[in-house]
Amino acid sequence: MKMQKIFVTLGIACFVLAGGMSADLISSSISVDGSSWIKSSLTGDKTYSGLLFTNDQSTVNRTIDFSKDLDTHTRISSTGPVGIQEYSAQASIPESEVWRCMFARSDDETPYEEIETRGILASGNYTAVRGMSEDLTSGGVDITGSGLVSLSKKTGTVNRTQEERSVAAGRMNVSEYGEYGGES
């Protein structure tokens, strides 16, 4: 009985002490002849959300590194269906939310940036990389296979909005990269 109390006390102490700790890198590697499903989300100053599923023979590799900035790497190869939904965004509230003339620019504007990929492949390969640092949002995809995918990029401030969407259906070989922010 006394030994059980010691183990319980040590267990509680480990949980309490580990409460302030978190991982800075999450990596998954799955090879399956069946079904796999991976869901990830990170919300804070930088937002990332991903949902991936495969069916049939497939290999899924996913790495999320948020030790300093946010970097994700995803690679899927499958002989069967693949579902993809990856979203990343940065957002900050502008210092002043006042109406401005469309030709006026203000240095206190903070851009909103978003990069998203959605789709379903009958089979194929999907490779994606995304990165977010203090002033840069970037993302790129390479897709080879057949199916339907939608790729979108968006940024906006009080006076500036830019949106772009690409859709591919059927047999495809798609490469796309977008970058917002950084040095001009």
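Keep in mind the model is a prediction, meaning the values are calculated, not measured.
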Separation of Ser27 OG from Asp65 CG (nearest 0.5 Å) = 10.0 Å

Close side-chain approach of Ile64 to Leu70, heavy-atom, < 4.5 Å | yes

Of all heavy-atom pairs linking Arg130 and Ser88, the shortest is NH1-OG, 3.2 Å

Heavy-atom side-chain proximity of Ser166 to Glu164 below 4.5 angstrom | yes

Is there a donor-acceptor contact under 3.5 Å linking the side chains of Thr54 and Ser36?
-> yes

Note: with side-chain heavy atoms under 4.5 Å as the link, the other cluster members for Val141 come out as Ile30, Val32, Ile38, Leu52, Val60, Ile76, Val82, Ile84, Leu121, Tyr126, Ile143, Val149, Leu151, Met172, Val174

Write down the atom of Ser35, the atom of Asn55, and the distance for their closest heavy-atom approach.
-> OG-OD1, 3.0 Å

Side-chain heavy atoms of Ser49 within contact of Gln85, under 4.5 Å | yes

Could you please spell out the steps behind the side chain to side chain contact (heavy atoms under 4.5 Å, CB included) verdict for Phe53 and Ile120?
-> CA-CA 9 Å; Phe53 73 83; Ile120 188 161; 4.1 Å; yes

Is it true that Arg118 and Glu116 make a salt bridge, defined as a side-chain N closer than 4.0 Å to a carboxylate O?
-> yes

Report yes if some heavy atom in the side chain of Ser138 is under 4.5 Å from a heavy atom in the side chain of Tyr177; otherwise report no.
-> yes

Who are the salt bridge (charged side-chain N to carboxylate O under 4.0 Å, His left out) partners of Glu179, not counting sequence neighbours?
-> none

Do Ser150 and Arg165 come within less than 4.5 Å of each other through their side chains, counting heavy atoms only?
-> yes

Is there a donor-acceptor contact under 3.5 Å from the side chain of Arg62 to the main chain of Gly50?
-> no

One should read off an interatomic distance between Lys153 NZ and Thr137 OG1, to the nearest 0.5 angstrom, of 13.0 Å

Interatomic distance, CG@Asp142 vs OG1@Thr127, rounded to 0.5 Å, equals 6.0 Å

Which one of Leu25, Asp71, Val129 satisfies the side-chain contact (heavy atoms from CB on, under 4.5 Å) criterion with Thr63?
-> Leu25

What heavy-atom pair brings Asn125 and Ser78 nearest, and what distance separates the two atoms?
-> OD1-N, 4.4 Å

